[in-house]
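The chains referred to below are lettered A, B, ... by the order of the sequence lines, with proteins before strands, and numbering in each begins at 1. Only heavy atoms go into these numbers, but all of them, side chains included; no hydrogens, no water, no symmetry mates.
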There are 2 protein chains.
Amino acid sequence: MPGQLKWRHRFQAHVSRWTVPREVILDLLSRTSKHMSVKEIYASLYKMYPGIGLTTVYRTLDLLVRAGFINRFPSGDGQNRYEFKSNKKKEHHHHLVCIKCRKIIDYSDFVDEELELVKKTEEILAKKHSFNVLGHNIEFYGLCEKCK
Amino acid sequence: MPGQLKWRHRFQAHVSRWTVPREVILDLLSRTSKHMSVKEIYASLYKMYPGIGLTTVYRTLDLLVRAGFINRFPSGDGQNRYEFKSNKKKEHHHHLVCIKCRKIIDYSDFVDEELELVKKTEEILAKKHSFNVLGHNIEFYGLCEKCK
DNA sequence: TTACTAATGAATATGGTTATCATTATCATT
DNA sequence: AATGATAATGATAACCATATTCATTAGTAA
């Protein structure tokens with residue numbers, strides 16, 4: 001499949017070997033729009049690939065984050081969640097986290113204004129604090145429809 | 001001291017008893033501009049008040065967050081950090097976190113533009129997703145002057 | 001001062017993530 | 001296709017931040 005070959009190619013800039021766990025994990029995340037926890041990812045993979053180890057899931061996710069394939073963000077309940085990073089600009093979004101049921105809603109309104117603000121901020125920060133900005137995290141939290 | 005009495009008064013809207021640990025923890029945070037971890041807070045208090053328990057530190061911080069006295073935010077290394085919440089609008093700020101040495105820099109540039117964006121976003125989100133926005137977190141990650 | 005009970009703190013549990021290390025599997029070379 | 005160097009894996013256990021339990025202590029209204 002072309003997608004996988006493409007991944008493999010991009011991947012090999014970061015690691016030397018193309019392995020089954022790496023492909024399976026990347027594949028799973030690329031097919032869902034959910035914000036999955038490690039537990040969920042592990043459980044999901046276990047059905048298709050019972051041999052997989054939890055350690056490998058952690059390591060691979062870390063790798064994928066570093067390689068820029070996926071995003072990691074804290075979901076507020078002490079664990080991280082992961083999502084496939086789309087390269088389409090339109091799909092840039094942030095999260096709305098319900099502090100009660102932990103439901104996560106993506107939103108992508110005001111992306112342009114936001115991106116502009118972020119860009120502007122990053123430039124100033126780079127100058128003012130000699131800080132090399134690599135990423136940002138914007139989250140709104142509150143109560144969702146059902147929980148309020 | 002007037003500050004403490006004021007706190008006590010505000011505090012009693014949330015809890016029924018004014019205790020030494022609560023005063024000491026609130027006092028410590030109000031006197032520093034640092035973004036302290038639980039470990040740091042505990043260690044610092046232990047000098048002045050060796051009897052204090054780690055559990056109480058956790059419980060009290062939780063209480064102070066809920067009561068609106070302090071902010072809690074994830075520092076990216078798996079632990080939370082806490083800071084005294086100023087009621088002065090001018091001191092509204094966000095964080096610049098170095099992913100290497102974990103140094104945190106406050107910045108408060110573009111506060112007006114940012115607040116406007118945030119306000120606008122909150123309004124839309126409330127309507128569109130029936131979401132009751134209670135707060136937000138904005139953090140930039142990257143490398144500080146020394147680490148890059 | 002007393003009595004009620006919220007708050008504390010020591011000990012323990014929990015849950016997410018990381019480190020260790022023997023085993024396995026990938027891939028360049030043959 | 002077979003080999004061999006070594007990167008990657010996975011089981012286990014460690015680690016660390018945070019939560020829970022419960023007997024004891026201490027605020028506060030009376």
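Remark: C1' of dG16(C) and OH of Tyr42(A) are 14 Å apart, rounded to the nearest angstrom. Between the CG atom of Leu45(B) and the P atom of dG9(C) there is a distance of 11 Å, given to the nearest Å. The distance from atom OH of Tyr82(A) to atom P of dG16(C) is 12 Å, rounded to the nearest whole Å. Atom pair Arg22(B):CZ and dG9(C):P shows a separation of 11 Å (rounding to whole Å applied).
Taking the side chain as every heavy atom from C-beta outward, Arg81(B) and Phe73(B) approach each other to under 4.5 Å. Leu28(A) is not listed as a side-chain neighbour of Met48(A), based on a closest heavy-atom distance of 4.5 Å or more.
An OP1 or OP2 oxygen of dT17(C) is reached within less than 4.0 angstrom by a side-chain nitrogen or oxygen of Asn80(A).
More than 12 heavy atoms of other shown residues, nucleotides or ligands fall within 6.0 angstrom of atom OH in Tyr49(B).
Side-chain contact of Glu139(B) with Tyr141(B): a donor-acceptor pair under 3.5 Å is present, judged by distance alone.
At least one donor-acceptor pair closer than 3.5 Å links the side chain of Thr60(A) to the backbone N or O of Thr56(A). Distance alone, capped at 3.5 Å, is enough to place a donor-acceptor pair between the Arg22(A) side chain and the Arg17(A) backbone.
A distance of 6.0 Å or more separates the ring centres of Phe140(A) and Phe131(B).
Close approach of DNA chain D to chain A, defined as any atom under 4.0 Å from a non-hydrogen atom of the protein, starts and stops at dA5(D) to dT12(D).
Across all strands shown, Tyr46(A) has no heavy atoms under 4.0 Å from either base or sugar-phosphate atoms. Residue contacts shown for Tyr49(A) are limited to sugar-phosphate atoms, with no base heavy atom under 4.0 Å away.
Each of Thr19(B) and Lys39(B) was matched to the nucleotide of DNA chain D holding its nearest heavy atom; the match closer to the 5' end belongs to Lys39(B).
Ring geometry for His94(B) against Tyr107(B) counts as tilted: the plane angle lies between 30° and 60°, on a 0 to 90° scale.
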Before giving the answer on side-chain contact (heavy atoms from CB on, under 4.5 Å), spell out for Leu29(B) and Ile41(B) the whole-Å C-alpha distance, their side-chain angles and the decisive distance to 0.1 Å. CA-CA 8 Å; Leu29(B) 285 171; Ile41(B) 292 166; 4.2 Å; yes
Output, in order, the C-alpha distance, side-chain angles, deciding distance and verdict of side-chain contact (heavy atoms from CB on, under 4.5 Å) for Ile52(B) and Val20(B). CA-CA 9 Å; Ile52(B) 200 161; Val20(B) 174; over 6 Å; no
Check step by step if side-chain contact (heavy atoms from CB on, under 4.5 Å) holds for Val38(B) and Asn80(B). CA-CA 7 Å; Val38(B) 173; Asn80(B) 290 314; 5.8 Å; no
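The stretch residues 54-62 of chain A touches DNA chain D through Thr55(A), Thr56(A), Arg59(A), each having a heavy atom under 4.0 angstrom from the strand.
One donor-acceptor pair, N or O on each side, does fall under 3.5 Å between the base of dA6(C) and the side chain of Arg17(B).
A stem is defined here as three or more consecutive Watson-Crick or G-U pairs, each with both distances under 3.5 Å; for DNA chain C these stems are C:1-30 with D:1-30.
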